[in-house]
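Structure, as structure tokens:
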Amino acid sequence: MSAHLWYAYEELSKEVRHGSRSLYLAGHMPSDLPKDVLTMATGVLYFGPISPEALRALKQLCPLFAGLTVADFAVLPTGSAYGGFRLASNGLYTREAELFDFRPSCLDTGGDTVLRG
């Protein structure tokens with residue numbers, strides 16, 4: 001990620017903390033986003049395989065993922081993700097990361113569905 005984009009993420013996360021912005025940010029790995037973004041995120045979704053190092057970082061920043069292993073992520077089917085939420089209308093979603101399945105239209109990249117692997 002470019003230094004300018006990283007700086008923008010950091011600055012926007014400060015504005016979110018003070019209640020003046022809402023953001024949807026995406027990255028491939030937990031290290032693709034500033035730590036503040038993950039620690040204060042209302043929800044985090046993680047699609048696809050993850051390395052042991054990246055999973056350790058994710059668990060440190062988002063404890064809701066503590067019960068998952070690298071093997072859990074390795075077998076995720078296309079269109080599925082583990083998600084953990086600090087705030088949710090149903091308290092079950094705030095206890096630990098849950099498995100979510102998304103319709104292909106939610107993964108549309110402008111005409112093609114994103115396929116992993």
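Quick caveat, the model's predicted, so the values are computed rather than measured.
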Under 3.5 Å donor-acceptor pairs involving side-chain atoms of residues 55-69, not counting sequence neighbours:
| residue | atom | partner | partner atom | Å |
| --- | --- | --- | --- | --- |
| K59 | NZ | A66 | O | 3.3 |
| K59 | NZ | L68 | O | 2.8 |
| T69 | OG1 | A71 | N | 3.3 |
| T69 | OG1 | D72 | N | 3.2 |
| T69 | OG1 | D72 | OD2 | 3.2 |

Check: residues 81-91 side-chain donor-acceptor pairs under 3.5 Å, at least two apart:
| residue | atom | partner | partner atom | Å |
| --- | --- | --- | --- | --- |
| R86 | NE | A41 | O | 2.9 |
| R86 | NH2 | M40 | O | 2.6 |
| N90 | OD1 | L92 | N | 2.9 |

- Task: Check whether any side-chain heavy atom of F47 lies under 4.5 Å from a side-chain heavy atom of F100, and answer yes or no.
- Result: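 Side-chain contact under 4.5 Å: no.
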
- Task: Kindly give the heavy-atom pair with the smallest separation between S80 and L99, and that separation in Å.
- Result: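 Closest approach of S80 to L99, heavy atoms only: CB-CD1, 4.1 Å.
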
